[in-house]
*Asks:* 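Got a structure here, written out as structure tokens. Questions coming.
All figures in this text were calculated on a predicted structure; none of them were measured in a lab. All values below come from the heavy atoms of this structure, side chains included, with hydrogens, waters and symmetry mates left out.
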Amino acid sequence: MPLDEIDHPILAKAGKQFADSDTKHERIRDIDDQVLFKVKVQRWRGAVWIDADLPWLVAAGRREDGSGNDFYAALEAEGRAARARYNVAHADALRTETSTAHLLPAREDHVRYQAEAAVRFARRLRVTLLDLARASLRDGREHAVEFDTFTIGLQVRADDGHETYLAVRITGSVPPNVTRSSCGTCPVAMSRAGIRSTRCPSGSSCRRNRHGPTSWIRGRRRRFWTIRTTTEP
């Protein structure tokens with residue numbers, strides 16, 4: 001399950017608090033080996049570490065005033081204990097009062113973040129393609145959306161209510177598999193709208209309906225595989 005979809009107050013608060021780079025944050029002063037910032041919501045408390053503008057919630061717990069189980073008190077105690085263990089095992093002792101390096105994201109965390117980012121993008125692209133197809137079905141015009149590095153546009157046309165043509169236009173710097181994903185999603189959108197599409201024959205109708213970098217796909221039967229697209233530089 002993608003971590004950003006977990007319904008938890010401390011995750012929601014951390015995401016909102018660190019979404020704006022201009023927002024001021026309060027540092028956890030009892031931790032001196034790393035710069036960790038406080039997150040507070042209800043009785044939940046958290047510690048956020050920022051890596052190249054990417055915030056990581058590295059620890060969390062509950063507020064228990066006056067108790068050793070209080071999150072920030074426990075975080076400090078754990079940091080001091082980790083420092084002591086490190087100094088026993090290494091000749092080059094740490095000069096800080098705490099050690100919290102074990103809380104920071106490791107390689108597997110970065111790999112997971114990249115994988116989840118890819119999943120989020122794929123989901124966003126799929127929803128966008130469905131919305132573009134539906135919008136074009138209503139007026140027959142091209143509808144497009146700009147992403148960070150590229151623009152994708154769809155246009156659906158029907159010929160006398162019997163033949164359907166789909167154009168896919170992609171311009172800009174395109175991430176891997178975007179064209180394949182578009183080709184897989186567009187026929188599904190047309191199918192949900194009651195349109196049946198199939199492989200475009202090499203007849204004159206396809207040639208007649210080509211416009212610049214786009215290719216029109218003619219369809220009648222319930223097959224949804226061949227959509228020819230052209231990516232502009």
*Asks:* More than 12 heavy atoms of other residues, nucleotides or ligands under 6.0 Å from CG of D53: yes or no?
*Replies:*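 No, not enclosed.
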
*Asks:* Would you call the rings of Y113 and W56 parallel, tilted or perpendicular if under 30° counts as parallel and over 60° as perpendicular?
*Replies:* tilted

*Asks:* Under 3.5 Å, is there a donor-acceptor pair between the T98 and D33 side chains?
*Replies:* yes

*Asks:* Mind checking whether W49 and V35 sit in one hydrophobic cluster, side chains of I, L, V, M, F, W, Y counted as touching below 4.5 Å?
*Replies:* no

*Asks:* Distance check, rounded to the nearest 0.5 Å: T128 atom OG1 versus D131 atom CG?
*Replies:* 6.5 Å

*Asks:* Under 4.5 Å between any side-chain heavy atoms of E26 and K40, yes or no?
*Replies:*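 Yes, at least one pair of side-chain atoms sits under 4.5 Å.
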
*Asks:* F71: what forms a ring-ring contact (aromatic ring centres under 6.0 Å, His included) with it, not counting sequence neighbours?
*Replies:* none

*Asks:* Are the side chain of S136 and the backbone N or O of V156 linked by a donor-acceptor pair below 3.5 Å?
*Replies:*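 Here the side-chain-to-backbone pair exists.
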
*Asks:* Distance check, rounded to the nearest 0.5 Å: L154 atom CG versus L129 atom CG?
*Replies:*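 Here the rounded value is 5.5 Å.
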
*Asks:* Which residues pass the salt bridge (charged side-chain N to carboxylate O under 4.0 Å, His left out) test with D65, sequence neighbours left out?
*Replies:* R63

*Asks:* Nearest 0.5 angstrom please: T171 OG1 to E146 CD, how far?
*Replies:* 8.0 Å

*Asks:* When you measure from the side chain of D32 to the backbone of E97, do you find a donor-acceptor pair of N or O atoms at a distance under 3.5 Å?
*Replies:* yes

*Asks:* When you look at CG of D92, are more than 12 heavy atoms from neighbouring residues, nucleotides or ligands closer to it than 6.0 Å?
*Replies:* no

*Asks:* Inspect the contact between E64 and R45 and indicate whether a charged nitrogen and a carboxylate oxygen are less than 4.0 angstrom apart.
*Replies:* no

*Asks:* To the nearest 0.5 Å, how far apart are NZ in K38 and CZ in R29?
*Replies:*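 The NZ atom of K38 sits 9.0 Å away from the CZ atom of R29.
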
*Asks:* Output, in order, the C-alpha distance, side-chain angles, deciding distance and verdict of side-chain contact (heavy atoms from CB on, under 4.5 Å) for V48 and F18.
*Replies:* CA-CA 9 Å; V48 170; F18 288 85; 3.6 Å; yes

*Asks:* OH/Y72 to CD1/I31 distance, rounded to the nearest 0.5 angstrom?
*Replies:* 10.5 Å

*Asks:* So R123 and E5, salt bridge (Lys or Arg N to Asp or Glu O under 4.0 Å) or not? Walk me through it.
*Replies:* CA-CA 13 Å; R123 290 178 175 176; E5 295 183 5; 2.4 Å; yes

*Asks:* Does any part of the side chain of D51, heavy atoms only, come nearer than 4.5 Å to the side chain of H110, both counted from C-beta?
*Replies:*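 A side-chain contact under 4.5 Å exists here.
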
*Asks:* So with a 6.0 Å cut-off around CG of D148, is the heavy-atom count from everything else above 12?
*Replies:*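 Incorrect, the count does not exceed 12.
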
*Asks:* Any chance you could lay out the side-chain contact (heavy atoms from CB on, under 4.5 Å) test for Q17 and F37, step after step, and finish with the verdict?
*Replies:* CA-CA 11 Å; Q17 179 175 325; F37 295 104; 5.6 Å; no

*Asks:* Would you call the rings of F121 and F150 parallel, tilted or perpendicular if under 30° counts as parallel and over 60° as perpendicular?
*Replies:* perpendicular

*Asks:* What is the distance from atom OG1 of T100 to atom CG of L75, rounded to the nearest 0.5 Å?
*Replies:* 7.0 Å

*Asks:* Side-chain contact, heavy-atom cut-off 4.5 Å: I10 with L57?
*Replies:* yes

*Asks:* One pair to check against side-chain contact (heavy atoms from CB on, under 4.5 Å): E78 and L103. What are the steps and the verdict?
*Replies:* CA-CA 11 Å; E78 179 185 349; L103 297 177; 4.1 Å; yes

*Asks:* Between H90 and V88, is there a donor-acceptor pair closer than 3.5 Å when you use the side chain of the first and the backbone of the second?
*Replies:* no

*Asks:* side-chain contact (heavy atoms from CB on, under 4.5 Å), that's the test. Do R27 and L36 meet it? Break it down for me.
*Replies:* CA-CA 6 Å; R27 181 176 177 179; L36 302 182; over 6 Å; no

*Asks:* So, D109 and R112, do they make that salt bridge, N to O below 4.0 Å?
*Replies:*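 Salt bridge: no.
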
